[in-house]
Novice: 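Here's a structure for you.
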Amino acid sequence: MTLTVTLPDGNALELQDGATGADAAASIGPGLARAALAVEVSHPEAGEAPELRDLSRPLPDGASLAIVTKKDGEKALELIRHDAAHLLAEAVLELYGGVKISIGPPIADGFYYDFEFPEGVTISEADFPRIEARMREHAKAAEPFQRRDVSPAEARERFAAEAQDYKVELIDDLVKNAPADRPLQSVSLYSNGPFTDLCRGPHAPSTKSVAALKLQSVAGAYWRGDSDRTMLTRIYGTAFFSQDELQQHLARIELAKARDHRKLGRELGLFMFSELSPGSPFWKPAGMAIWNSLTELWRKENLARGYREVKTPILYDVELWRQSGHWDKYKDNMYFTDVEDRPMGLKPMNCPAHIQIYNDERHSYRDLPVRYSEAGLVHRHEASGVLHGLLRVRHITQDDAHIFCTDEQVESEVVQCLRFGFDLYRLFGLQPRLELSTRPEQRIGSDEMWDRAEAALAGALASEGLEYELNPGDGAFYGPKIDLHMTDSLGRSWQLGTVQLDYSMPERFDLLYTGADNTEHRPVMIHRALLGSFERFIGIMLEHYGGELPLWLTPVQAIVLPVSDRFNDYAAAVRDELRDDGVRVELDDRNESVGRKIREAELRKVPYMLVVGEREQSEGAISVREHRGGDAGCTTVREFCERLHGQLYSPALKPRKTSERDA
RNA sequence: GCCGACGUAGCUCAGCUGGUAGAGCACUUCACUCGUAAUGAAGGGGUCCGGGGUUCGAGUCCCCGCGUCGGCUCCA
């Protein structure tokens with residue numbers, strides 16, 4: 001009996017019945033047999049997704065297969081990082097008594113394993129060297145990974161005997177969650193050396209593939225992500241096929257840290273934080289220049305798209321928050337105070353405020369859509385442990401807007417929001433990831449309403465041809481939403497923009513408009529923030545540009561550097577001329593050498609350094625030095641201003657003709 | 001909020017097992033009058049995060065707060 005499999009090059013390979021992935025690799029060649037880590041198996045005719053399997057498992061007849069080696073990039077790394085997670089658990093169990101193990105998957109760039117250490121035992125990075133040493137011993141020993149399929153009962157008994165409660169719970173859940181018509185027949189156990197784990201696999205043939213490993217950090221993590229359950233100790237690490245690749249990876253992380261907006265903010269004097277107001281940035285003059293340039297962009301672009309700017313209070317009678325539902329749903333994130341014995345709350349969102357404005361007038365269907373925009377300052381009591389520079393603050397300035405429109409207008413309004421958002425992000429060279437979050441368990445409104453709302457959002461995404469991830473059950477309690485996400489320098493994902501459909505607030509606040517039929521109708525609200533918040537957006541943008549912002553956003557666009565104080569007067573005249581021309585320019589007239597002035601301007605990332613001395617003064621000229629570019633030659637102030645003019649404003653901020661604006 | 005680590009001059013950091021603080025940069029002053037990434041010299045500057053405790057004596061050890069960092073949970 002033989003079986004036939006298809007190789008990636010399309011050739012068929014005939015093997016003995018019961019042949020394994022390792023046999024397939026060996027029959028292709030001894031080199032491949034040695035390099036093989038796992039095999040990717042798929043049945044194209046059955047439409048199954050490719051499945052990564054151990055080399056030791058028998059191959060199904062008719063399958064397509066690809067032998068995976070370390071040249072297969074992420075796929076291969078994921079495999080050995082999973083191996084490394086087992087090594088970690090193995091080492092920890094040997095070094096510490098009474099440890100309970102839970103789960104240890106590979107993740108982007110590494111792996112982790114979650115443990116419950118006995119009462120009183122804490123792990124810190126100081127413990128890493130000896131854990132790593134033990135892991136390396138086991139890796140060097142080339143312990144084969146052996147898979148064994150056993151009945152759930154046998155596995156359960158085994159882990160119960162070892163008091164591995166988490167494993168027992170996992171097995172019980174596997175049994176419980178199996179479909180009724182297909183009860184769970186077996187679970188797989190993987191052993192390497194003395195260590196055995198409940199594991200789906202696959203693994204490399206032995207631990208020796210983990211040629212380079214490093215433990216990176218230790219953190220708390222709730223069992224099954226549930227904050228009501230035990231907090232386990234999570235150890236993070238990473239692994240590579242060579243020490244070289246590991247070192248390169250660590251160097252990349254170090255490099256990324258140089259782009260951290262918190263570091264840049266301090267170095268460039270953009271903003272600061274004080275213990276006296278946690279989670280609240282203090283904007284320094286240089287940072288405020290960025291803020292104002294961004295605000296200018298925001299204001300012009302909103303006005304150009306039919307938004308009308310409003311400004312609303314931040315403190316309200318709690319009665320408003322009861323009516324809006326925030327008292328019930330959002331109280332824990334709000335700040336409250338008493339004003340002359342009257343309970344008041346700081347707004348965590350702008351919507352109820354904009355609703356007040358909407359309701360101050362009667363509206364005809366002819367008015368709709370009504371679009372109010374506000375650089376709205378909201379306060380949210382974010383848990384102390386989640387604060388993070390500008391990216392997670394308690395004092396948030398949203399580029400907020402609320403659109404009041406008819407049902408029929410919803411989809412086109414959402415499309416316009418998305419286009420607006422992408423126009424903005426494109427300006428900064430950012431490509432946001434999109435998520436569509438649908439109806440949550442806890443929600444208000446009829447199913448028909450949700451059907452319509454979700455269809456409208458999905459329709460808007462489809463009509464724009466946008467790719468997005470579905471995030472079922474994560475919508476707001478009042479409606480589904482589309483979120484725009486970006487990652488920071490260390491790859492952490494942050495939500496920036498959001499477009500949310502809301503049928504609830506209009507009900508709660510009895511919003512109305514008079515229709516063509518002369519009866520009253522309920523408008524729909526769209527909540528939207530595109531940058532998200534100025535704070536978070538500036539943080540992401542700083543990391544994206546590594547602090548070297550486009551000229552129109554740069555706090556100091558040019559700095560005049562007199563060669564000695566004999567030329568300070570001329571330098572001041574140059575400064576004044578540039579300033580009159582709208583350039584954000586500084587003069588460094590300190591009694592210092594040019595070398596020092598240049599060095600410091602370079603460190604401040606000032607795009608243009610204008611050196612003036614004897615020669616320039618006599619010729620009425622300036623010597624231009626570009627940040628990173630070096631000496632760019634001599635020119636006149638006038639020529640220099642003309643050169644800059646195209647860059648002093650963002651492309652979108654350039655004055656446009658009315659005809660273009662209407663297009 | 002939870003777990004762990006950390007908190008020393010404006011910044012980056014040193015300070016062994018407890019004996020009342022140090023470097024570099026920054027800052028001030030003076031000299032130099034300077035040509036594309038650091039001129040030289042002198043000087044000033046610290047409630048060692050805050051509060052308790054142990055001790056003859058605490059930056060150092062213990063406890064409680066606060067903040068920051070890395071995660072987890074949450075979240076626009």
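Proteins get letters first, then strands, A, B, ... in listed order; numbering begins at 1 in each.
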Novice: Measure from CZ on A/R394 to P on B/C66 and round the result to the nearest Å.
Specialist: 11 Å
Novice: Counting primed atoms plus P, OP1 and OP2 as sugar-phosphate and everything else as base, spell out the protein contacts along nucleotides 37-44 of chain B at 4.0 Å heavy-atom distance: B, S or - for each nucleotide, 5' to 3'.
Specialist: BBB-----
Novice: With respect to the side chain of A/R380, which nucleotide from B/C75, B/G1, B/G7 is positioned closest?
Specialist: B/C75
Novice: Could you check whether A/E543 pairs with A/R492 (Lys NZ or Arg NE/NH1/NH2 to Asp/Glu carboxylate O, under 4.0 Å)?
Specialist: no
Novice: Could you check which of B/A76, B/C27, B/G4 has an atom nearest any side-chain atom of A/T498?
Specialist: B/A76
Novice: Before accepting this row, confirm whether a basic side-chain N of the pair A/R224/A/D173 lies closer than 4.0 Å to the acidic partner's carboxylate O.
Specialist: yes
Novice: What is the distance from CG of A/D565 to P of B/U33, rounded to the nearest Å?
Specialist: 10 Å
Novice: Could you tell me how far apart A/D127 (CG) and B/G4 (C1') are, to the nearest whole angstrom?
Specialist: 11 Å
Novice: Under 4.0 angstrom, heavy atoms only, what part of the nucleic acid is A/S564 near: base, sugar-phosphate, or nothing?
Specialist: base
Novice: Hey, is the side chain of A/R492 poking within less than 4.0 Å of OP1 or OP2 on B/G70, counting only N and O atoms?
Specialist: yes
Novice: May I ask you to say whether A/E600 pairs ionically with A/R604, meaning some side-chain N is under 4.0 Å from a carboxylate O?
Specialist: no
Novice: Check every strand shown and say whether A/R615 touches a base, only sugar-phosphate, or nothing at a heavy-atom separation below 4.0 Å.
Specialist: base
Novice: If you measure from the P atom in B/G4 to the same atom in B/C63, how many Å do you get, rounded?
Specialist: 12 Å
Novice: Mind checking A/Q500 for me? I need base, sugar-phosphate or nothing, with any heavy atom below 4.0 Å counting as a touch.
Specialist: sugar-phosphate
Novice: Students often get this wrong, so: under 4.0 angstrom with heavy atoms, is A/A221 touching a base, only sugar-phosphate, or nothing?
Specialist: sugar-phosphate
Novice: Measure from CG on A/L387 to P on B/G70 and round the result to the nearest Å.
Specialist: 12 Å
Novice: What contact category does A/G613 fall into here, base, sugar-phosphate, or nothing, at under 4.0 angstrom with non-hydrogen atoms?
Specialist: base
Novice: Of A/R266 and A/M231, whose closest RNA chain B nucleotide lies nearer the 5' terminus?
Specialist: A/M231
Novice: Can you tell me how far C1' of B/U36 sits from CG of A/D588, to the nearest Å?
Specialist: 13 Å
Novice: Got a salt bridge between A/R528 and A/E374, using NZ or NE/NH1/NH2 to carboxylate O under 4.0 Å?
Specialist: no
Novice: For B/C48, give its Watson-Crick or G-U wobble partner with both distances under 3.5 Å, or none.
Specialist: none
Novice: Does A/K167 pair with A/D165 as a salt bridge, N-O distance under 4.0 Å?
Specialist: no
Novice: How is A/S533 classified with respect to the nucleic acid when contacts are heavy atoms under 4.0 Å: base, sugar-phosphate, or nothing?
Specialist: nothing
Novice: Rounded to whole angstrom, note down the C1' distance from B/C56 over to B/U20.
Specialist: 13 Å
Novice: By nearest heavy atom, map A/V563 and A/H388 onto RNA chain B; which one lands nearer the 5' end?
Specialist: A/V563
Novice: Can you check the distance between B/G46 and B/A41, where both ends of the measurement are the P atom (answer in whole Å)?
Specialist: 24 Å
Novice: So, under a plain 3.5 Å distance rule, would you say the side chain of A/Y222 forms a donor-acceptor pair with the base of B/G71?
Specialist: no
Novice: Tell me whether the NZ or CZ atom of A/R322 lies within the 45° cone about the ring axis of A/Y316 and under 6.0 Å from its centre.
Specialist: no
Novice: Compare side-chain N and O positions of A/R392 against OP1 and OP2 of B/G70 and report whether any pair is under 4.0 Å apart.
Specialist: no
Novice: When you measure from the side chain of A/R262, which nucleotide among B/C66, B/G1, B/G70 comes out closest?
Specialist: B/G70
Novice: Using only heavy-atom distances, determine whether the side chains of A/N333 and A/E382 contain a donor-acceptor pair under 3.5 Å.
Specialist: no
Novice: Charged N to carboxylate O below 4.0 Å: is that the case for A/R575 and A/E586?
Specialist: no
Novice: What is the pairing partner of B/G57, taking Watson-Crick or G-U wobble pairs with both distances under 3.5 Å in any strand?
Specialist: none
Novice: For A/Y330 and B/A76, is the shortest distance between a side-chain N/O and OP1 or OP2 below 4.0 Å?
Specialist: no
Novice: From CG of A/L276 over to P of B/C49, roughly how many Å is that when rounded to an integer?
Specialist: 16 Å
Novice: What distance, rounded to whole Å, do you find between the two C1' atoms, one in B/G15 and one in B/G7?
Specialist: 15 Å
Novice: When you compare B/G51 with B/A58, how far apart are their P atoms, in angstrom units rounded to a whole number?
Specialist: 14 Å
Novice: When the C1' atoms of B/A9 and B/G45 are compared, how many Å lie between them, rounded to an integer?
Specialist: 6 Å
Novice: For A/T122, report the nucleic acid contact type (base, sugar-phosphate, nothing); a contact means any heavy atom under 4.0 Å.
Specialist: sugar-phosphate
Novice: Write down the distance separating the P atoms in B/A21 and B/G50, rounded off to the nearest Å.
Specialist: 16 Å
Novice: Calculate the interatomic distance between A/D474 atom CG and B/U73 atom P; express it in whole Å.
Specialist: 13 Å
Novice: State the pairing partner of B/A14; accept Watson-Crick or G-U wobble contacts with both distances under 3.5 Å, and report none otherwise.
Specialist: none
Novice: Any Lys/Arg nitrogen of A/R625 or A/D631 sitting under 4.0 Å from an Asp/Glu carboxylate oxygen of the other?
Specialist: no
Novice: Do the rings of A/H402 and A/F404 sit parallel, tilted or perpendicular, given the 30° and 60° boundaries?
Specialist: tilted
Novice: Distance check, P atoms only: B/A42 and B/G1, in whole angstrom units.
Specialist: 50 Å
Novice: Can you tell me if the side-chain N/O atoms of A/K597 get under 4.0 Å from OP1 or OP2 in B/U36?
Specialist: no
Novice: With a 3.5 Å limit on both atom pairs, tell me what B/A5 is paired to, counting Watson-Crick and G-U wobble, or say none.
Specialist: B/U68
Novice: In whole angstrom, give the distance that lies between atom CG of A/L232 and atom P of B/U73.
Specialist: 12 Å
Novice: Less than 4.0 angstrom from a charged side-chain N to a carboxylate O is my criterion; do A/R628 and A/E548 meet it?
Specialist: yes
Novice: For B/G43, what is the paired nucleotide under Watson-Crick or G-U wobble rules, both distances under 3.5 Å?
Specialist: B/C27
Novice: Checking only heavy atoms, does the side chain of A/E616 share a donor-acceptor pair with the base of B/G35 at less than 3.5 Å?
Specialist: yes
Novice: Which part of the nucleic acid does A/Y236 contact within heavy-atom distance under 4.0 Å: base, sugar-phosphate only, or nothing?
Specialist: sugar-phosphate
Novice: Name the pairing partner of B/U33, where a pair is Watson-Crick or G-U wobble with both distances under 3.5 Å, or state none.
Specialist: none
